[in-house]
Q: 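Below: one structure in structure tokens.
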Amino acid sequence: METAMPDPLSTAQRLANAERELELFERQPPLGARAYIAGRNSRREIIAELREELDA
């Protein structure tokens, strides 16, 4: 029995998920300055890339 693969998420859906993840990340307990900045910046980079992809 074959299992159907779910449809890949659209860029807009991926962007919404990334923005939600950043919001949740920013609400978590403190990690320490370096860990927080690294996590926040990596999530912001993903959001910027997805926005560029949508605008293209």
Side-chain angles (χ1 to χ4, degrees):
M1 179 163 117
E2 285 187 39
T3 306
M5 294 295 292
D7 292 333
L9 296 177
S10 72
T11 301
Q13 290 170 319
R14 290 172 38 219
L15 175 58
N17 289 342
E19 289 173 336
R20 190 170 26 258
E21 184 179 320
L22 176 61
E23 181 181 336
L24 292 172
F25 176 79
E26 290 179 339
R27 290 183 181 189
Q28 74 182 2
L31 297 171
R34 287 186 183 169
Y36 173 79
I37 291 170
R40 182 199 61 199
N41 289 348
S42 68
R43 286 165 174 80
R44 285 183 175 177
E45 286 176 27
I46 291 168
I47 290 170
E49 289 171 6
L50 291 169
R51 284 184 178 151
E52 285 178 17
E53 190 175 322
L54 275 177
D55 292 339

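Hydrogens, waters and symmetry mates are skipped; everything else that's a heavy atom, side chains included, is used.
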Q: List the atom pairs, donor and acceptor, that lie under 3.5 Å between side-chain atoms in residues 48-56 and the rest of the protein, sequence neighbours left out.
A:
{"residue": "R51", "atom": "NH2", "partner": "E19", "partner atom": "OE2", "Å": "2.5"}
{"residue": "E53", "atom": "OE2", "partner": "T11", "partner atom": "OG1", "Å": "2.9"}

Q: Looking only at side-chain N and O atoms, does R44 offer a donor or acceptor that is under 3.5 Å from a partner on N41?
A: no

Q: Between OG of S42 and CD1 of I37, what distance do you get to the nearest 0.5 Å?
A: 12.0 Å

Q: Please name all residues satisfying side chain to side chain contact (heavy atoms under 4.5 Å, CB included) with Y36, sequence neighbours left out, ordered by chain then number.
A: F25, E26, R40

Q: Working to the nearest 0.5 angstrom, can you tell me the gap between I46 CD1 and L15 CG?
A: 11.0 Å

Q: Check the pair R14, N17 against side-chain hydrogen bond (donor to acceptor under 3.5 Å, both in side chains), reporting the backbone distance first and the verdict last.
A: CA-CA 5 Å; R14 290 172 38 219; N17 289 342; over 6 Å; no

